[in-house]
Q: 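To start, I am sharing the structure in question, which I have written as structure tokens.
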2 protein chains.
Amino acid sequence: MKAAHDAPPRWLDRGQQRSWRAYLDGNARLLDALDREHDAHLSVSLPEYEVLVRLSESPEGALRMSVLADGLAYSRSRTTHTVRRMEDRGLVRRGAVAGDGRGIVCSLTDAGRSMLEAEAPAHVAAVRRYLVDVLTDDELAALGGIMAKVAQGCAADPASRGPSSAKSLGD
Amino acid sequence: MKAAHDAPPRWLDRGQQRSWRAYLDGNARLLDALDREHDAHLSVSLPEYEVLVRLSESPEGALRMSVLADGLAYSRSRTTHTVRRMEDRGLVRRGAVAGDGRGIVCSLTDAGRSMLEAEAPAHVAAVRRYLVDVLTDDELAALGGIMAKVAQGCAADPASRGPSSAKSLGD
DNA sequence: TTAGGGTAGTTGACAGTTCAACAACACGAA
DNA sequence: TTCGTGTTGTTGAACTGTCAACTACCCTAA
């Protein structure tokens with residue numbers, strides 16, 4: 001695979017390096033702070049909270065596992081594990097899908113919905129405190145646009161995705 | 001702690017929400033892609049690579065554990081574990097610090113330096129492919145500036161940091 | 001009808017991270 | 001000196017996520 005031209009590596013210039021490092025650093029600190037906030041003051045972790053949000057936004061409060069996984073950019077098995085843990089706590093329920101014998105729908109229980117409503121204010125406050133309120137409106141919008149572009153670039157690159165649809169083109 | 005005014009929560013508006021989600025999504029995909037690249041084609045993980053870089057940039061190729069940890073925004077114990085694993089592979093060596101009986105210096109071995117030199121091109125290529133080359137120069141610079149601001153905001157907030165210097169102000 | 005290949009989801013072993021508890025040292029004050 | 005407090009770094013258990021292997025199902029084509 002890949003011609004492997006062994007072209008001389010194009011290093012990052014000073015500014016690019018600074019930006020990349022700032023990204024790594026800021027990201028680590030931001031996600032740390034949010035994780036910590038969830039740990040300290042909420043009953044669901046950040047990833048679990050995201051699951052609750054996605055389910056709550058769907059018309060029936062329910063989504064197929066694969067849709068949930070793709071929407072959150074979680075791996076299939078991560079989704080399985082996370083949902084199982086949430087099911088054990090009664091936040092979520094699993095059931096068969098009508099037309100497809102393989103599918104599993106994950107749906108919000110009343111307890112799950114209550115949990116989400118109870119914790120949303122603290123979650124949003126944390127996101128504000130560490131991200132939204134730190135930036136100007138323009139900066140936040142710029143960040144969103146840039147990261148969407150990055151996400152798109154990753155999605156376009158076959159090598160960036162997990163083993164799903166890997167196909168081992170090398171045979 | 002905290003007056004707990006219970007002010008009505010200030011939700012995120014539509015645009016803020018989109019930006020925040022784009023951030024989460026793009027970030028997840030980007031770091032996944034880089035992790036995957038390191039896993040598939042390199043001999044050191046991304047966090048280990050960062051350790052090698054920091055050490056190599058220091059004049060003596062050596063840094064105190066705490067300096068390394070703070071610089072990388074890694075927890076103390078993460079640093080300990082990571083460095084121990086790297087030491088087991090001969091990439092790094094640990095020794096006492098001159099003036100302070102508590103300190104441990106972590107220094108690059110020849111093998112570690114060779115490893116870094118060998119793997120740097122592939123690492124940089126991945127960072128380019130998934131981040132740098134996807135954005136314009138202005139966008140990358142903007143991203144860097146924004147994330148630096150975020151990092152600063154987190155650093156300024158006492159609650160965002162780990163248990164170090166926690167002090168349990170509540171007593 | 002069945003064979004083959006793709007998709008959905010789960011499972012268990014494993015690796016990396018966090019947390020709490022701890023040991024050892026530094027340093028200032030009584 | 002000695003006590004108390006803060007800092008540095010380590011340890012092991014618990015948790016979360018990844019990977020590879022697997023089951024079960026869908027669907028098309030021969």
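Just so we're on the same page: letters track the sequence lines, and every chain starts at 1. Please read all numbers here as calculations on a predicted model, not as lab measurements. When reading the values below, keep in mind they use all heavy atoms of this one structure, side chains included, and skip hydrogens, waters and symmetry mates.
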Q: Could you give the CE-to-P distance, from B:M86 to C:dG16, as a whole number of Å?
A: 12 Å
Q: Does any part of the side chain of B:V134, heavy atoms only, come nearer than 4.5 Å to the side chain of A:Q152, both counted from C-beta?
A: no
Q: Is the phosphate of D:dT18 approached by A:S75 (side-chain N or O, under 4.0 Å from OP1 or OP2)?
A: yes
Q: What contact category does A:D35 fall into here, base, sugar-phosphate, or nothing, at under 4.0 angstrom with non-hydrogen atoms?
A: nothing
Q: Between C:dT17 and A:R36, is there an OP1 or OP2 to side-chain N/O distance shorter than 4.0 Å?
A: no
Q: For A:G99 and for B:R64, find the nucleotide of DNA chain D with the closest heavy atom, then tell me which residue's nucleotide is more 5'.
A: B:R64
Q: Would you kindly give the CD-to-C1' distance between A:E37 and C:dT18, to the nearest whole Å?
A: 17 Å
Q: Tell me if the side-chain of B:H81 makes a donor-acceptor pair with the base of D:dG9, cut-off 3.5 Å, by modelled atom types.
A: no
Q: Just how far, in rounded Å, is P of C:dA23 from CD1 of B:I104?
A: 17 Å
Q: Without decimals, in angstroms, what is the distance between B:D88 CG and D:dT10 P?
A: 13 Å
Q: Provide, to the nearest angstrom, the distance between the CZ atom belonging to B:R102 and the P atom belonging to D:dT5.
A: 17 Å
Q: For a quick check of understanding: with a heavy-atom distance under 4.0 Å over all strands, which category does B:R85 fall into, base, sugar-phosphate or nothing?
A: base
Q: Compare side-chain N and O positions of B:R76 against OP1 and OP2 of D:dT11 and report whether any pair is under 4.0 Å apart.
A: no
Q: If you compare every side-chain N and O of A:S66 against the phosphate oxygens of C:dG9 (OP1, OP2), does one of them come in below 4.0 Å?
A: yes
Q: Just to confirm, is there a sub-4.0 Å distance from OP1 or OP2 of D:dG17 to any side-chain nitrogen or oxygen of A:T82?
A: yes
Q: Taking CG from A:D70 and P from C:dT7, how many angstroms apart are they, rounded to a whole number?
A: 12 Å
Q: Taking the side chain of B:D32 as its heavy atoms from C-beta onward, which of C:dT18, D:dT8, D:dT18 lies nearest to it?
A: D:dT18
Q: For C:dG9 and A:T80 - does any side-chain N or O of the residue sit under 4.0 Å from the phosphate oxygens OP1/OP2?
A: no
Q: By nearest heavy atom, map A:D39 and A:M65 onto DNA chain C; which one lands nearer the 5' end?
A: A:M65
Q: Answer yes or no: is there a side-chain heavy-atom contact under 4.5 Å between A:H38 and A:H123?
A: yes
Q: Any donor-acceptor pair under 3.5 Å joining the side chain of A:R78 to the base of D:dT18?
A: no
Q: If you compare all heavy atoms of B:G71 against all heavy atoms of A:D25, which two are closest, and at what distance to 0.1 Å?
A: O-OD1, 4.3 Å
Q: Starting at the 5' end of DNA chain D and moving along, which residue's nearest nucleotide shows up first, A:G101 or B:D100?
A: B:D100
Q: Hey, are the side chains of B:V51 and B:M86 touching, using non-hydrogen atoms and a 4.5 Å cut-off?
A: yes
Q: Can you name the closest pair of heavy atoms from B:S107 and B:L55 and give their distance?
A: C-CD1, 4.4 Å
Q: Does a side-chain heavy-atom distance below 4.5 Å link B:L12 with A:R128?
A: yes
Q: To the nearest angstrom, how far is A:L63 atom CG from C:dG9 atom P?
A: 11 Å
Q: What contact category does A:S77 fall into here, base, sugar-phosphate, or nothing, at under 4.0 angstrom with non-hydrogen atoms?
A: base
